[in-house]
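What follows is a set of notes on a single structure, which appears directly below.
Lettering of chains follows the sequences in order, A, B, ..., and the numbering in each one begins at 1. A quick note: this is a predicted structure, and the numbers were derived from the prediction, not measured.
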2 protein chains.
Amino acid sequence: MGHKGEALRQRIIVAADLLFYQRGYENTSFSDIAKDVGISRGNFYYHFKTKDEILNAVIDTRVSDIEQMLNEWGKQYPDPRQRIQHYIDILTNNQENIKSHGCPIGSLCSELAKQNHALQQDANKMLTVLRDWLTVQLKELGLGKEARQTAMHLLARSQGIASITNAFEDKTFLQQEVKRLKQWLDEQIQ
Amino acid sequence: MGHKGEALRQRIIVAADLLFYQRGYENTSFSDIAKDVGISRGNFYYHFKTKDEILNAVIDTRVSDIEQMLNEWGKQYPDPRQRIQHYIDILTNNQENIKSHGCPIGSLCSELAKQNHALQQDANKMLTVLRDWLTVQLKELGLGKEARQTAMHLLARSQGIASITNAFEDKTFLQQEVKRLKQWLDEQIQ
DNA sequence: GTCTATATACGGATAGAC
DNA sequence: GTCTATCCGTATATAGAC
C-alpha cells in the first residue's frame with residue numbers, strides 16, 4: 001500500500017462526499033472535486049479511473065461510517081430505546097445541513113434511482129443497514145415480526161422530515177417532528 | 001393565440017412533464033423531449049427559448065392540476081375527512097409510478113433545492129398548495145392553530161412513504177403505511 | 001505521482017433556409 | 001412554424017511530458 005497516495009485518495013473521497021451531498025452526484029464535476037482538493041484533473045484520474053469509481057468509494061465510506069456509528073452506540077448504550085432515540089437525534093444534530101441539503105442518504109438514493117444508476121443498490125445499503133439495525137433494536141424491546149415493518153416506518157418518517165425541512169427550509173418543523181416521533185416511539189414500547 | 005402552435009406547445013409540456021418525472025430535470029435533454037414529441041430540436045426553441053422556460057411551464061401545469069383536483073374534491077365530497085382520505089389515496093393510486101420514480105412533487109423539489117435552482121420556490125408551490133388545503137380541511141374538522149403543523153406532518157409522512165417505496169421498490173410497504181396513516185388520521189379527529 | 005495538453009462527446013442555444 | 005446546420009461551453013476521459 002502506498003502512503004502519500006493513500007492519504008490523497010482519502011482527501012479526494014472526503015471532498016467528493018461533501019460535494020455529492022451539497023450539489024448532487026451528477027451536478028458535481030471532476031473539476032469541482034479537484035479544485036477542492038487542490039490537485040489537477042489529470043492527477044485525479046491516477047486515483048480514480050471513472051466517476052462511478054469514486055461514487056463507489058464514497059458509498060463504501062458512508063456505509064462503514066454508519067456501521068461504525070451503530071457499533072459505537074451498541075457499546076455505549078445498554079438500552080435499545082436509548083439507541084433508537086440517538087438515531088432520531090441524528091435529525092436534530094444535523095438540522096442545519098438537512099435544511100440546506102436534505103438527507104445525505106435519501107437524496108443520493110433518490111438521485112441514483114431516478115437515473116437507473118448501476119450503483120443504486122450499493123447506495124441502498126446505507127438504508128438497509130439502518131433498517132436492519134433498527135429492526136434488531138425493536139425486537140430487543142419486545143416487538144415481534146412487526147419489528148421490521150416498524151423499522152421501515154421509522155426510516156420513512158425520518159426521510160419525510162428531512163424532505164420537508166429541506167423544501168421549506170424550516171428547522172422549527174424538524175424540531176416539532178422529532179418531538180412527535182419520540183412520543184410515538186414511547187407509545188410503541190411500553 | 002395561435003392554434004396549431006398552442007397544441008404543439010401543450011404536447012411539449014406533457015412530454016417534458018413525464019420525462020422530468022422519470023429521469024429528473026437535469027438528466028433530461030432537449031433531444032429527449034424533442035424525440036418523444038416527434039419534432040426537431042430547432043423547432044423546440046421556437047416554443048421555448050430556454051430550458052428553464054419549459055420547466056416553468058411544467059411547474060405551472062402541475063400546480064394548476066393540483067388546484068383543480070382539490071377543487072373537484074371540494075365539490076364532490078362534503079366531508080373534509082373524506083377529502084383528506086382521498087389525498088392519502090393518491091399514494092395507493094400511483095403506487096406503480098411511485099415505486100419506479102418516487103413522488104413527482106418531492107423529487108422535483110429536492111432536485112431543484114440541491115442545485116439552488118432559480119425556480120425552486122415555484123416548485124415549492126406544489127407543496128404549499130397542498131399544505132394550505134390540508135390546513136383548511138383540518139380546521140373544518142375542529143383542529144385549531146395546530147392544523148397547519150398537522151398538515152405539514154401529513155405532507156412529510158407522504159413524502160417519506162414515497163421515498164422509501166421508491167428506494168426499496170416495495171409497494172407492500174406503501175400499502176401498509178397508507179393503512180397506518182389513515183388510522184392515525186382517524187385518531188386525530190374524533 | 002503529478003502535471004499540461006488534448007481527444008471526444010454532448011448539451012444548450014442560435015442562424016438562417018424553407 | 002418547422003427544419004438543418006452550426007456555434008460554444010463544459011464534462012468525462014486519455015496521452016504523454018516531467
Between [atom2] on [N] and [atom1] on [X], what's the gap in Å once rounded to a whole number?
| X | N | atom1 | atom2 | answer |
| --- | --- | --- | --- | --- |
| B:Phe30 | D:dG9 | CZ | C1' | 15 Å |
| B:Lys51 | C:dT14 | NZ | P | 15 Å |
| A:Tyr45 | C:dT8 | OH | C1' | 12 Å |
| B:Arg23 | C:dG11 | CZ | P | 10 Å |
| B:Phe44 | C:dT14 | CZ | C1' | 15 Å |

> If you look at every strand shown and take non-hydrogen atoms under 4.0 Å, does A:Tyr46 touch a base, only sugar-phosphate, or nothing?
Replying inline: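 Base contact.
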> Contact class for A:Ser29 vs. all strands (heavy atom < 4.0 Å): base, sugar-phosphate, or nothing?
Replying inline: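 Since only primed, P, OP1 and OP2 atoms lie under 4.0 Å of A:Ser29, the category is sugar-phosphate.
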> Taking the nucleotide of DNA chain D with the closest heavy atom to each, which residue, A:Arg41 or B:Gly38, is nearer the 5' end?
Replying inline: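 Result of the comparison: B:Gly38.
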>> Is there a salt bridge (Lys or Arg N to Asp or Glu O under 4.0 Å) between B:Asp17 and B:Arg62? Walk through the geometry before answering.
In response: CA-CA 8 Å; B:Asp17 190 356; B:Arg62 289 196 191 178; 2.7 Å; yes
> Pick one: which of B:Glu96, B:Gln176, B:Gln95 meets side-chain hydrogen bond (donor to acceptor under 3.5 Å, both in side chains) with B:Lys171?
Replying inline: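 Option passing the side-chain hydrogen bond (donor to acceptor under 3.5 Å, both in side chains) with B:Lys171: B:Glu96.
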> Hey, are the side chains of A:Ile13 and A:Asp60 touching, using non-hydrogen atoms and a 4.5 Å cut-off?
Replying inline: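 No, side chains not in contact.
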> Can a side chain N or O of B:Asn43 be found less than 4.0 Å away from OP1 or OP2 on D:dG1?
Replying inline: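 It does not, given that no N or O in the side chain of B:Asn43 lies less than 4.0 Å from OP1 or OP2 of D:dG1.
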> Can you tell which of D:dC3, D:dT2, D:dA13 lies closest to the side chain of B:Ser40?
Replying inline: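 For the B:Ser40 side chain, the nearest candidate turns out to be D:dC3.
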> Do the rings of B:His101 and B:Tyr21 sit parallel, tilted or perpendicular, given the 30° and 60° boundaries?
Replying inline: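 The arrangement is perpendicular - the two ring planes meet at more than 60°.
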